[in-house]
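Data block below; observations after.
Here the structure is a predicted model, which means the values were calculated and not measured.
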Amino acid sequence: MTTTLAGGRAARRQTMRRIRPRRSPAVPLLIALWAGAAAVLWLWWDNTPSLADDTSKILAAGRITGLLAGYLMALVVLQMARVPALERRVGTDRVARWHAMTGRYTLCLVLAHVFLTMWGYALQAGKGLGDIVQQTTDSINQLPDMGKAAIGTGLLFLIGILSIGGVRRLIGYDTWYHVHLLTYASVYMTFWHQITTGNEFAVEPAAKTFWYGLYGVVTALVVWYRILTPIRLNLRHRMRVAAVIEETPGIVSVLISGRKLHRMGAEAGHFFRWRFKAPGMRFSSHPYSLSAAPRPDMLRITVKAIGDHTSRLRDLEPGTKVWAEGPYGAMTAQRRSRGKVLLVAGGVGITPMRALFETLPGASGDITLLYRANTTQDLALWGELAKIADERGARLMYAVNSPEGERPDISAESLQRKIPDIDDHDVFMCGPPGFAQSVYEALRGAGVPARRIHHESFEM
């Protein structure tokens, strides 16, 4: 059994909107972040006297690595706050990459800070490099807030280890996700020793005010967007499972009912983080894209069973309560800059592409969808796609393996044969990482500029 869900008048209105591309604020944000790092360096330089000996130099190096680590810790938490300006304008996957990179730099700076500072303290006490462990123990026992800082640092390194690709895959997404939330506790516990033992904050009241302000603003954003906003959204819209429909073997659609769902701010291409109040799923939050344009009374996600959580979706009972956070993602019509658009979907990556296929503004012939699957039986939502293509005058193509299992040719040359003016298209694509990379290379070879290839991944 399959289901057909049309967006109705709202979806038709979206197809007639003017194309108004919005620029990503990524570059201005990065400039602001580097400016903040420069301010931290100036604060250190302004409070650093002449360095007469090696001990002073080592302690000064310990101070600057500590200040930069503290600054980056605030950014790590900011990147976890799910601020709409970041999630919807920059893109969730890009923010996640920033978060991972910032986390790695933070760990390196923390390690350097601890090593250099304890080495400098040991030299001040007339000891040597071999006495760092004893000096660290003495500092934890004697200096204010150092015990909490030690625990916070330990948590930070635990999170870092569990975030290594191989380790993360071994422990599973849900375990990693909940352990990752300890980042908040780690940052809180390491914050106080910065204030009580940091030389810059002891001699510069303005610096202390700035530091409190930085962490205070980040904390407020986390509380607002991670806690209060989801509570408000779910109390207002009261979502429940309306039905679960099998689209193809291993792929199901979950229809979600609620109140005034069109006022959630969701668009085709957006995703939510979904939590279903069913046994074994209450504490799992996973990102799934909308597979149809939002309706006032209905949302839909379409998911392939590839893990414990996705496999349980088929057993959801109508009436099951749903908790959602979002909408997130930047792969929407606002990314578009050209009149013609190519949508490329691989496997269950058809879900956001189907919603965009229905709603992207365009005249007859402007929109093309290329759907890659193993067999024709794996072409989920094909009936809906064919109907949309017929109603809009859009072009619908599929690429499946041959009866012998040979993969179809999706190369620069084949794309240029099928779509001669492909270099004048915007391209939206969604699919497994390997598929997305090969299609990206083919598109670049076909002359599509990188700035017009739009892709968002949930591999985070």
Side-chain angles (χ1 to χ4, degrees), residues 5-7 11-12 14-15 17 19 21 91 93 247 267-271 289-293 300-302 329-373 378-400 408 410 412 414-433 435-444 446-458:
L5 187 67
R12 287 193 292 274
Q14 291 184 54
T15 66
R17 291 183 304 177
I19 301 171
D93 60 339
E247 302 289 354
E267 299 180 34
H270 275 153
F271 71 92
S289 293
L290 299 176
S291 61
R300 186 182 71 177
I301 58 174
T302 302
M331 196 169 64
T332 66
Q334 294 176 355
R335 284 277 188 96
R336 181 181 179 182
S337 61
R338 286 291 189 275
K340 294 187 176 182
V341 175
L342 169 64
L343 306 172
V344 184
V348 79
I350 190 60
T351 53
M353 298 296 103
R354 184 266 179 229
L356 288 167
F357 194 49
E358 179 185 14
T359 59
L360 275 175
S364 177
D366 283 350
I367 312 296
T368 301
L369 171 62
L370 173 60
Y371 189 176
R372 167 76 173 98
D378 296 323
L379 295 170
L381 309 176
W382 186 256
E384 295 181 25
L385 295 169
K387 182 179 179 181
I388 293 168
D390 183 61
E391 291 177 348
R392 300 198 61 187
R395 189 179 181 189
L396 177 60
M397 301 183 291
Y398 67 84
V400 298
I410 305 180
S414 67
L415 289 173
Q416 288 173 322
R417 285 196 303 270
K418 294 179 184 296
I419 310 172
D421 60 345
I422 190 172
D423 58 340
D424 195 38
H425 281 61
D426 267 298
V427 181
F428 293 76
M429 64 176 178
C430 186
F435 168 80
Q437 182 61 36
S438 65
V439 172
Y440 178 86
E441 293 171 357
L443 290 167
R444 294 291 290 119
V448 182
R451 68 179 180 279
R452 287 199 264 115
I453 302 175
H454 314 297
H455 173 251
E456 198 161 40
S457 170
F458 299 148

Shortest non-hydrogen separation from [X] to [Y] and the atoms involved:
X	Y	value
Ile422	Gln416	CG2-CG, 4.2 Å
Phe435	Ile410	CE1-CD1, 4.3 Å
Leu290	Glu267	CD1-O, 4.1 Å
Ala446	Asp423	O-CB, 3.9 Å
Ile367	Pro361	CD1-O, 3.9 Å
Ala355	Ala293	CB-N, 4.2 Å

Worksheet item: Do you see a donor-acceptor pair shorter than 3.5 Å between the side chains of Thr351 and Ser291?
Response: no

Could you tell me whether a side-chain N or O of [X] sits under 3.5 Å from a main-chain N or O of [Y], the two making a donor and an acceptor?
X	Y	value
Arg452	His425	yes
Arg395	Asp366	no
Arg392	Ala394	no
Tyr371	Ala380	yes
Arg354	Glu358	no

Answer yes or no: is there a side-chain heavy-atom contact under 4.5 Å between [X] and [Y]?
X	Y	value
His454	Val427	no
Leu342	Leu443	yes
Lys340	Asp421	yes
His455	Phe428	no

Worksheet item: Parallel under 30°, tilted from 30 to 60°, perpendicular over 60°: which one fits the rings of Tyr398 and Trp382?
Response: perpendicular

Fill in: Distance, nearest 0.5 Å, that separates CE of Met353 from CE of Met331
3.5 Å

Worksheet item: When you look at Ile453 and Met429, which way does the side chain to side chain contact (heavy atoms under 4.5 Å, CB included) test go after all the steps?
Response: CA-CA 8 Å; Ile453 302 175; Met429 64 176 178; 3.8 Å; yes

Item to complete: Evaluate the side chain to side chain contact (heavy atoms under 4.5 Å, CB included) criterion for residues Leu415 and Leu370: first the C-alpha distance (whole Å), next the side-chain angles of each, then the deciding distance (0.1 Å), finally the verdict.
Response: CA-CA 10 Å; Leu415 289 173; Leu370 173 60; 4.1 Å; yes

Discussion item. Before you tell me yes or no, could you show the steps for Arg335 and Asp426 under salt bridge (charged side-chain N to carboxylate O under 4.0 Å, His left out), namely the whole-Å CA-CA distance, both residues' side-chain angles and the distance that decides it to 0.1 Å?
Written reply: CA-CA 9 Å; Arg335 284 277 188 96; Asp426 267 298; over 6 Å; no

